[in-house]
Amino acid sequence: MDLFHLLTDELTAILDRLAAKGSLPEGLDYSRISVEPPRDPAHGDVATNAAMVLAKGAGQKPRDLAEIIAASLGELDIVTAADVAGPGFINLRLADSFWHARLADILRAGTAYGDSTMGAGQKVNVEYVSANPTGPMHVGHGRGAVVGDALAGLLAKAGFDVTKEYYINDAGAQVEALARSLHFRYREALGQNVGDMPEGLYPGEYLIPVAEKLAKDDGDKWADANDEQTWLEYFRAYAVDAMIALIRDDLAALGIRFDRFSSERELVQAGGVDAVVAELEGRGLVYTGVLEPPKGMKPDDWEPRPQLLFKATEFGDDVDRPLKKSDGSWTYFATDMAYHNDKYKRGFNDMIDVWGADHGGYVKRMQAAVKALTEEDGRPGGRLDVKLCQMVNLLENGQPVKMSKRAGTFVTLRDVIDQVGKDVVRFIMLTRKNDAQLDFDLAKVVEQSKDNPVFYVQYSHARCKSVLRNAEELVSAEELTPSALADAPLERLTDPAELALIKSMAIWPRTVEGAAEVHEPHRIAYYLHDLAAAFHALWTKGAREDESLRFLKEGDLALTRARLALVSGLATVIASGLAVMGVEPVEEMR
RNA sequence: GACCCCGUAGCUCAGUCGGAUAGAGCGACGGAUUCCUAAUCCGUAGGUCGCAGGUUCGAAUCCUGCCGGGGUCACCA
């Protein structure tokens with residue numbers, strides 16, 4: 001059990017006892033009480049604001065109340081000191097033996113350490129990438145892919161039942177353009193004199209092999225360019241399938257596998273949109289009206305036009321939103337609304353979408369839609385969180401990488417993965433909050449120095465493994481297994497730097513829960529960096545300042561085993577964290 | 001004009017659903033290498049947390065209003 005949960009339980013029990021004795025009023029609200037690591041380690045191992053939060057309700061001064069609570073906390077076996085500080089904080093210091101037991105927990109749990117029951121098996125749907133199937137993924141897609149996948153991994157570790165989903169936008173005008181582009185390449189492959197590709201089509205070379213295969217398989221069956229009726233539908237489906245295969249390859253290169261691909265087209269054809277709109281209509285949430293032009297930037301071609309509108313304003317949006325285009329087909333919003341309804345109907349009360357920041361303007365309306373579609377059900381109501389991913393600036397030694405589709409210098413996600421490796425791509429994409437811009441320097445991310453966080457963290461893991469390899473000359477293989485190390489005489493770990501490292505490792509479960517709670521996978525990367533720093537510090541202390549702190553002590557095998565337990569535990573926690581990010585720990589870095 | 005995001009050390013950024021003396025990396029300066037990987041570590045310098053109010057025991061964090069930067073803005077996806 002996570003130590004902060006443990007202490008929260010102990011604290012709650014103490015407060016209940018105090019209430020039973022009459023030292024506190026009954027029925028105080030404990031919900032604002034925090035039990036957390038203090039920012040300054042000098043304040044101890046654990047701090048609680050309980051006295052300050054309860055003071056008003058208890059009719060006592062915070063510090064007086066703190067003294068009472070601290071006295072009881074001080075009686076716990078695991079607590080060696082309970083002090084009142086500042087305005088009424090209670091700072092606890094925990095026994096070394098308590099920390100040694102945590103290390104043993106880590107070794108017994110393996111990379112499952114940090115697994116939480118917070119999610120209680122609740123279903124969560126994470127939808128990400130959802131790139132238009134019109135070509136290979138670019139670096140920006142890659143960020144969304146990594147953020148979504150790491151978030152899914154994080155939620156799974158936190159005990160949620162996660163479904164990873166990709167929404168294929170295969171119903172709009174863009175896939176028609178794709179179909180025409182493929183047809184152009186197809187005629188080209190047949191040897192027709194096709195001239196330059198018309199404006200608005202996709203000029204990328206990736207369609208050429210697709211077209212060549214088609215020409216080989218089907219011959220000139222579809223060769224009449226003017227007879228769109230016969231080929232458009234076929235080419236659309238063929239092209240989308242080919243592009244999805246391409247995207248799946250790119251995703252596989254990143255180590256990403258989706259649980260489900262949902263097709264917009266299938267949803268529309270199955271009547272999903274009609275059903276949703278009909279339902280909203282029945283509730284009086286759909287009407288035909290004319291929208292005002294946005295103030296301050298009236299589009300040139302603005303014309304007052306009656307449209308089928310959804311009353312998004314009743315659910316927190318700024319204006320009502322159109323559901324139908326002038327040609328009678330559904331807007332993207334209408335189909336996406338049906339798609340979210342579909343997810344909800346499949347049992348997902350919790351939905352997370354990962355989008356590019358340029359779609360930020362759609363967040364409110366989608367949340368309004370989800371609210372409207374789920375509020376009158378018996379269930380708690382759907383929750384939609386949208387994570388917006390900002391731009392990735394691709395650099396090479398600080399200089400922007402020039403990218404132009406036309407000039408053929410466009411750098412795809414695949415190019416970057418091939419150049420630096422999937423683990424580097426994944427890690428770097430998580431070194432910033434999703435809504436902050438990210439510089440991705442192709443040269444720096446493979447540098448072996450401490451200003452490269454990927455290297456810095458991986459190096460700490462490699463060092464652990466190096467020590468464990470060297471240890472084989474002193475300790476038998478049986479004694480080096482995690483379970484054997486858990487039984488090592490851990491009480492021999494008494495140096496402050498050793499205990500500090502265990503303490504850093506012991507906040508991993510809390511880090512998982514905190515990051516999962518707010519849907520922020522980047523916190524894992526920062527945690528691992530801090531953890532690696534604590535280890536590098538201990539390493540150098542042993543190597544350079546105080547030889548007694550070296551991990552391998554030939555003359556004291558009991559101490560050696562205890563320290564190997566520490567090293568093995570650290571490797572475990574690093575591996576556990578990297579696993580959440582989808583990054584493989586490295587064994588050595590020579 | 002409206003909405004969203006951002007504003008923290010010279011630079012790039014963290015900052016735990018409101019906590020104590022605001023942190024890390026880079027850059028600058030000064031140190032550590034017979035020894036488990038110096039690809040690392042230790043130390044010093046550097047801040048009115050954009051500005052002004054408000055909420056309360058307590059604000060970088062929440063609210064309001066400004067200033068500055070970015071994004072989006074009826075039928076595209």
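All heavy atoms count here, side chains included; hydrogens, waters and symmetry mates do not. Chain naming here is simple, since letters A, B, ... match the order of the sequence lines and numbering starts at 1 in each.
- Using cut-offs of 30° and 60° on the angle between ring planes, the pair A:Y167 and A:Y332 is tilted.
- When both distances must be under 3.5 Å, the Watson-Crick or G-U wobble mate of B:rG46 does not exist.
- Checking B:rC17 for Watson-Crick or G-U wobble geometry (two distances, each under 3.5 Å) identifies no partner in any strand.
- No donor-acceptor pair closer than 3.5 Å links the side chain of A:S130 to the backbone N or O of A:Y166.
- If you take CG of A:N91 and C1' of B:rG19, they are 11 Å apart, rounded to a whole angstrom.
- Computed from coordinates, the A:I507 CD1 to B:rG15 C1' distance equals 13 Å when rounded to whole Å.
- The residue A:A436 sits close only to the backbone: its heavy atoms come under 4.0 Å of sugar-phosphate atoms, none of a base.
- When the C1' atom is used for both B:rA9 and B:rA2, the distance is 36 Å, rounded to whole Å.
- Distance A:D441 CG to B:rC26 C1': 13 Å, rounded to the nearest Å.
- Between A:N452 and the phosphate of B:rG25, there is no side-chain N or O to OP1/OP2 separation shorter than 4.0 Å.
- Residues A:I68 and A:Q60 form a side-chain contact, since some pair of their non-hydrogen atoms from C-beta on lies under 4.5 Å apart.
- On the C1' atoms, B:rG10 is 12 Å away from B:rG47, given to the nearest whole Å.
- For the pair A:V512/A:Y527, no side-chain contact is recorded, criterion being any heavy-atom separation below 4.5 Å from C-beta on.
- With centroids closer than 5.5 Å and planes inclined by less than 30 degrees as the test, A:F89 and the base of B:rA20 pass as a stacked pair.
- The distance from atom CZ of A:R432 to atom P of B:rC26 is 13 Å, rounded to the nearest whole Å.
- Positionally, the nearest nucleotide of RNA chain B for A:A47 lies more toward the 5' end than for the other of A:E588 and A:A47.
- Classified by interplanar angle (parallel below 30°, tilted 30° to 60°, perpendicular above 60°), the ring pair A:F333/A:F310 is tilted.
- As judged by a 4.0 angstrom heavy-atom cut-off over every strand, A:R510 is placed among the base-contacting residues.
- A:H522 has a side-chain polar atom (N or O) that falls below the 4.0 Å cut-off from OP1 or OP2 of B:rG15.
- The closest side-chain donor-acceptor pair between A:N169 and A:Q174, if any, does not fall under 3.5 angstrom.
- Between A:Y459 and A:F455, the two ring planes are parallel [angle under 30°; tilted spans 30° to 60°].
- Each of A:S34 and A:D435 was assigned the nucleotide of RNA chain B with the nearest heavy atom; the assignment lying further toward the 5' end belongs to A:D435.
- The base-pairing partner of B:rU40, taking Watson-Crick or G-U wobble contacts with both distances under 3.5 Å, is B:rA32.
- The side chain of A:K364 lies closest to B:rC4, out of B:rG19, B:rC6, B:rC4.
- Taking atom CD of residue A:Q458 and atom P of nucleotide B:rU37, one finds them 17 Å apart after rounding to whole Å.
- Cation-pi geometry between A:K387 and A:W355 is not met: the NZ or CZ atom fails to fall both under 6.0 Å from the ring centre and inside 45° of the normal.
- Comparing the P positions of B:rG50 and B:rU8 gives a spacing of 6 Å, expressed to the nearest Å.
- The partner of B:rC62, taking Watson-Crick or G-U wobble pairs whose two distances both stay under 3.5 Å, is B:rG54.
- The nearest whole Å value for the distance from the CG atom in A:D317 to the C1' atom in B:rA2 is 12 Å.
- When the P atom is used for both B:rG70 and B:rU61, the distance is 24 Å, rounded to whole Å.
- Across B:rU21 and B:rC4, the matching C1' atoms stand 36 Å from one another, rounded to whole Å.
- Nucleotides B:rG25 and B:rC41 are separated by 8 Å at their P atoms, to the nearest Å.
- With hydrogens and angles disregarded, a donor-acceptor distance shorter than 3.5 Å links the side chain of A:D441 to the backbone of A:N397.
- A donor-acceptor contact shorter than 3.5 Å is absent between the side chain of A:D546 and the backbone of A:K541.
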At a cut-off of 3.5 Å, list every protein nitrogen or oxygen paired with a nitrogen or oxygen from nucleotides 40-42 of chain B, distance to 0.1 Å.
from   : atom 1 : to     : atom 2 : distance (Å)
B:rU40 : OP1    : A:K450 : N      : 2.4
B:rU40 : O2'    : A:R463 : NH1    : 3.3
B:rU40 : O2'    : A:T540 : OG1    : 3.1
B:rC41 : OP1    : A:Y456 : OH     : 2.3
B:rC41 : OP2    : A:K450 : NZ     : 2.8
B:rC41 : O4'    : A:T540 : OG1    : 3.0

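- A cation-pi contact, defined as under 6.0 Å to the ring centre and within 45° of the axis, is absent between A:R523 and A:Y526.
- Under the Watson-Crick and G-U wobble criteria, each requiring two contacts below 3.5 Å, nucleotide B:rC3 is paired to B:rG71.
- Straight-line distance from the CD1 atom of A:I428 to the P atom of B:rC13: 13 Å, rounded to whole Å.
- With B:rA20, B:rC35, B:rG15 as the candidates, the nucleotide lying closest to the side chain of A:E547 is B:rC35.
- Atom CG in A:L528 sits roughly 15 Å away from atom C1' in B:rA24 (whole-Å rounding).
- Under the 4.5 Å side-chain criterion, counting only non-hydrogen atoms from C-beta, A:P37 is not in contact with A:K503.
- Across the P atoms, B:rC11 and B:rC49 are found 16 Å apart, a figure rounded to whole Å.
- The side chain of A:K433 contributes an N or O atom lying less than 4.0 Å from OP1 or OP2 of B:rG15.
- Figure legend. B:rA24 is base-paired to B:rU12; pairs are counted as Watson-Crick or G-U wobble with both atom distances under 3.5 Å.
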Letter per nucleotide, 5' to 3', of nucleotides 65-77 of chain B [B base touched, S only sugar-phosphate touched, - untouched; heavy atoms, 4.0 Å]: ------SSBBBBB

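- If you take atom C1' in B:rA24 and the same atom in B:rG69, they sit 24 Å apart, rounded to whole Å.
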